Amino acid sequence: MSVLYAKNTANHYRVARKKARQQPAKRMSVRVRFAPSPTGALHIGGVRTALYNYLFARKHGGTFILRIEDTDQNRFVPGAEEYIIEALKWTGLVPDEGVGFGGDFGPYRQSDRKAIYQKYAHELVARGHAYFAFDTPEELEAKRQAEENFTYNLHTRAGLKNSLALPADVVQQQLDSGAPVVIRLKVEPGQDIHVRDLVRGDVVFQSSELDDKVLLKADGMPTYHLANIVDDHLMGITHVIRGEEWLPSTAHHVLLYRGFGWEDTMPQFAHLPLILKPEGNGKLSKRDGAKFGMPVFPLAWVGKTPEESFPGFRETGFLPEATINFLALLGWHPGSDQEIFSLDELAQAFSVEHIGKSGARFDFEKARWFNQRYIQHTANTVLAGHIRPLAEAKGYRTDEAFLEQVAALMKERVTFLPDFVEQGYYLFEPVHTYDNDMIRKKWNPALRPAFEALIQEIRQVAPFEAPAIEEKVQQFMQENALKPGDVLPLLRLALAGTMKGPAVFDMAVVLGQAETVQRLQRFLEYK
RNA sequence: GGCCCGUUCGUCUAACGGUUAGGACGCAGGAUUUUCAUUCCUGUAACACGGGUUCGAUUCCCGUACGGGCUACCA
């Protein structure tokens with residue numbers, strides 16, 4: 001971008017602001033939309049797009065809208081819409097308006113707006129900015145086979161079957177016959193199309209490079225291009241925040257706004273950088289989940305086959321807050337060194353200017369770190385609520401007081417929620433795996449009498465609390481000339497089977513006096 | 001191929017002409033912890049390349065290389 005362009009951009013904004021002031025009040029409030037297609041599970045990149053839209057709306061006291069773009073009947077997947085809504089609820093990105101959330105600009109599902117698009121498509125034809133085309137997909141495919149870079153545009157349309165090339169009576173006859181017909185955008189040559197992108201600045205396209213995009217398909221449904229312009233206009237969208245893959249077609253979108261005479265209220269655009277694979281080339285795909293052993297979807301998705309089924313952040317044991325925090329920083333930075341943000345804090349700090357321009361690699365290690373941190377800083381009562389269903393599934397006890405104790409003991413040494421009941425299983429059920437190498441290292445048959453005596457001591461401790469137990473054990477070690485290194489590891493092994501874990505005496509308390517004594521005795525038999 | 005976008009430690013990124021190029025993850029080392037983890041400290045490591053513009057370029061411009069996206073009656 002040259003200095004001149006930058007200057008022009010600034011000028012443009014000044015003009016735009018001036019215009020905005022002259023517009024009615026309805027243009028003043030921010031309205032953004034998240035517009036996914038229900039073709040399967042919502043990709044994590046889609047969640048990030050939703051997040052940025054949500055944050056932008058919150059930041060500016062605006063409205064966050066969910067619109068379902070289901071104009072491709074062939075790619076429709078049952079359950080996908082429900083999945084999208086559930087994913088938004090789980091992450092806390094709850095729409096103010098949209099499918100399932102009400103609002104005055106509905107319907108918000110594009111398949112329910114079919115008639116609207118047809119009306120506008122025909123209006124565009126009447127205005128001379130679009131035309132009918134009768135070429136079949138097969139014919140076009142043949143053209144592409146025959147010609148390397150075949151494009152439907154002003155150079156080729158004269159030789160194709162459309163209302164611009166065919167005689168009026170033939171066109172009318174085609175129309176009357178009910179033969180398959182599409183409506184295409186008539187791209188006029190010789191125009192510079194400027195897209196003032198909030199993230200990238202001024203992006204220029206030559207209209208002669210653009211093809212005559214299909215606006216209304218033969219099945220009567222609109223393509224994305226038509227539907228998104230009509231809806232954004234009708235729904236009063238002020239800012240379009242979407243993935244970078246849409247940048248090239250934005251030129252067409254600008255042409256559509258012009259064609260409809262809506263350029264004055266055209267939304268501002270912000271194209272987000274893509275999320276890339278952890279390693280190698282290309283953008284993150286659903287297959288990368290299995291490849292790198294990590295989820296790339298917010299929620300698990302159950303497909304028809306195992307290959308079409310995918311794990312989710314939720315099921316892996318991520319807290320939604322950690323997931324959001326992680327995603328927020330993937331392609332955006334707050335302008336400070338702060339790393340930990342609640343949703344509200346993110347909304348406060350958010351600004352489009354701080355969205356990055358280049359693609360961000362999906363860094364699962366960082367995601368792990370966020371989750372670990374969030375678990376550490378989450379209240380035991382809240383954690384208990386997360387642990388309960390996991391414990392239930394394993395048939396473990398689930399009383400509140402106990403689960404809170406488990407949370408307290410384990411929260412500083414787990415990464416994912418299931419770790420509480422997996423790594424810390426010995427808090428719920430008897431030890432099933434002993435670290436035999438460690439036992440060999442620490443056990444000595446000569447220790448047996450002392451160990452038996454110690455069990456008796458522990459049996460006596462009352463009340464059975466950590467300081468009291470510790471005191472008793474300390475005293476015992478002193479009297480028997482034993483070192484902590486001789487005794488403590490054995491106690492730990494007896495209670496947990498492993499050298500990893502919470503402080504021994506804390507564990508003993510959580511297990512309870514009876515269970516502690518029982519485990520010590522069982523250990524004596526085991527070894 | 002054409003069009004468009006991008007390029008700072010391994011990764012996420014800060015810097016908006018003058019800095020010992022900052023932070024975080026990861027990794028390494030140390031302290032604390034009679035385990036593990038946490039916590040704390042320290043270290044490691046980057047301006048893709050070549051031309052300009054400028055007193056001075058990571059920063060502005062051009063080019064090259066590399067990466068990415070789009071190129072459907074998919075979104």
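It should be emphasised that the depicted structure is a prediction, and the values quoted were computed from it without experimental measurement. By convention in this document, chain letters (A, B, ...) are assigned in the order of the sequence lines, proteins followed by strands, and residues within each chain are numbered from 1.
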TODO: Would you indicate whether E147(A), at its atom CD, is surrounded by more than 12 heavy atoms from other residues, nucleotides or ligands within a distance under 6.0 Å?
DONE: yes
Open item on the list: Please report the distance, rounded to the nearest Å, between CD in Q338(A) and C1' in G22(B).
Closed with: 17 Å
Open item on the list: Just the rounded figure in Å: distance from C1' of A14(B) to CD of E353(A).
Closed with: 16 Å
Open item on the list: Can you confirm if the aromatic rings of F318(A) and Y374(A) lie within a centre distance of less than 6.0 Å?
Closed with: no
Task: Contact state string [nucleotides 64-75 of chain B, B base, S sugar-phosphate only, - no protein heavy atom under 4.0 Å] - done: ---SSBS--BBB
Open item on the list: Need one value for Q376(A): base, sugar-phosphate or nothing, where a base atom within 4.0 Å counts as base even if backbone is also close, heavy atoms only.
Closed with: sugar-phosphate
- [ ] Under a 3.5 Å limit for both distances, which nucleotide forms a Watson-Crick or G-U wobble pair with G63(B), could you say?
- [x] C49(B)
TODO: Under a 3.5 Å limit for both distances, which nucleotide forms a Watson-Crick or G-U wobble pair with G26(B), could you say?
DONE: U44(B)
Task: Contacts of E404(A) that satisfy salt bridge (Lys or Arg N to Asp or Glu O under 4.0 Å) - sequence neighbours left out - done: none
Task: Those residues of residues 414-427 of chain A lying under 4.0 Å from RNA chain B by at least one heavy atom - done: none
- [ ] May I have all residue pairs that pass side-chain hydrogen bond (donor to acceptor under 3.5 Å, both in side chains) and include part of residues 70-81 of chain A, sequence neighbours excluded?
- [x] D70(A)-S111(A), E81(A)-R109(A)
Open item on the list: Closest-nucleotide mapping onto RNA chain B: is G356(A) or E209(A) further toward the 5' terminus? I mean the 5' end.
Closed with: E209(A)
- [ ] Report yes if the distance between the aromatic ring centroids of Y120(A) and H233(A) is under 6.0 Å, otherwise no.
- [x] no
- [ ] Could you tell me if the ring centre of F364(A) sits under 6.0 Å from that of F292(A)?
- [x] no
TODO: Give every residue pair that meets the side-chain hydrogen bond (donor to acceptor under 3.5 Å, both in side chains) criterion with at least one member in residues 476-490 of chain A, sequence neighbours excluded.
DONE: Q475(A)-E479(A)
Task: Between P of G23(B) and CH2 of W369(A), the distance in whole Å - done: 14 Å
- [ ] For F205(A), report the nucleic acid contact type (base, sugar-phosphate, nothing); a contact means any heavy atom under 4.0 Å.
- [x] sugar-phosphate
TODO: Could you check whether G331(A) gets within reach of a base, just the sugar-phosphate, or nothing at all, counting any heavy atom under 4.0 Å?
DONE: sugar-phosphate
TODO: Identify the nucleotide, in any strand shown, that forms a Watson-Crick or G-U wobble pair with U20(B), with both distances under 3.5 Å; if there is none, say none.
DONE: none
- [ ] Between C62(B) and U19(B), how far apart are the C1' atoms? Round to whole Å, please.
- [x] 27 Å
Task: D337(A) CG - C25(B) P separation (whole Å) - done: 11 Å
Task: d(CZ, F341(A); C1', A24(B)) in whole Å - done: 12 Å
Open item on the list: Can you work out whether K366(A) or W332(A) has the more 5'-proximal nearest nucleotide on RNA chain B?
Closed with: W332(A)
Open item on the list: I'd like to check T151(A) versus T156(A) (side-chain heavy atoms, cut-off strictly below 4.5 Å). Are they in contact?
Closed with: no
- [ ] Establish, yes or no, whether the cationic atom of R48(A) lies under 6.0 Å from the six-membered ring centre of Y52(A) and within 45° of the ring axis.
- [x] yes
TODO: Report the C-alpha distance between F326(A) and F362(A) in whole Å, list the side-chain angles of each, state the deciding distance to 0.1 Å, and finish with yes or no for ring-ring contact (aromatic ring centres under 6.0 Å, His included).
DONE: CA-CA 10 Å; F326(A) 163 66; F362(A) 186 81; 5.6 Å; yes
Open item on the list: Ring centroids only, cut at 6.0 angstrom: are W301(A) and Y83(A) within range, meaning strictly under it?
Closed with: yes
Open item on the list: Measuring only the P atom in each nucleotide, how far is U11(B) from C27(B)? A whole number of Å is fine.
Closed with: 16 Å
Open item on the list: Say we look at U7(B) and A48(B): how far apart would their P atoms be, to the nearest angstrom?
Closed with: 9 Å
Task: Watson-Crick or G-U counterpart of A57(B), or none if no pair lies under 3.5 Å - done: none
Task: Whole-Å P distance, C25(B) and G69(B) - done: 30 Å
- [ ] To the nearest 0.5 Å, tell me how far H225(A) NE2 sits from T250(A) OG1.
- [x] 10.0 Å
Open item on the list: Taking the C1' atom in each of C40(B) and G63(B), what is the distance between them to the nearest angstrom?
Closed with: 50 Å
Task: Spacing of K357(A) atom NZ relative to C5(B) atom C1', expressed in whole Å - done: 11 Å
Open item on the list: With a 3.5 Å limit on both atom pairs, tell me what U38(B) is paired to, counting Watson-Crick and G-U wobble, or say none.
Closed with: none
TODO: If a protein heavy atom is under 4.0 Å from the base, mark B; if only from the sugar-phosphate, S; if neither, -; do that for nucleotides 31-36 of chain B going 5' to 3'.
DONE: ---BBB
TODO: Just name whichever nucleotide pairs with G1(B), Watson-Crick or G-U, keeping both distances under 3.5 Å, else none.
DONE: U71(B)
Open item on the list: In whole Å, measure the gap between the P atoms of G26(B) and U32(B) for me.
Closed with: 22 Å
Open item on the list: If you take the centroid of each ring, where Trp contributes its six-membered ring, are Y224(A) and W246(A) closer together than 6.0 Å?
Closed with: yes
Task: Whole-Å distance separating the CG atom of N153(A) from the C1' atom of C3(B) - done: 13 Å
Open item on the list: I want to check one thing: is the phosphate of U38(B), taken as OP1 and OP2, less than 4.0 Å away from some side-chain N or O of Q372(A)?
Closed with: yes
Task: Nearest-Å distance once atom C1' is located in both G22(B) and U58(B) - done: 13 Å
Open item on the list: Tell me the interatomic distance from E339(A), atom CD, to G26(B), atom P, rounded to whole angstroms.
Closed with: 11 Å
Task: Atom P, compared across U13(B) and G6(B): separation rounded to whole Å - done: 15 Å
Open item on the list: Partner lookup for C9(B), please. Criteria are Watson-Crick or G-U wobble with both distances under 3.5 angstrom; report none if nothing qualifies.
Closed with: none
Open item on the list: Against the six-membered ring of F132(A), is R184(A) placed for a cation-pi contact (under 6.0 Å from the centre, within 45° of the normal)?
Closed with: no
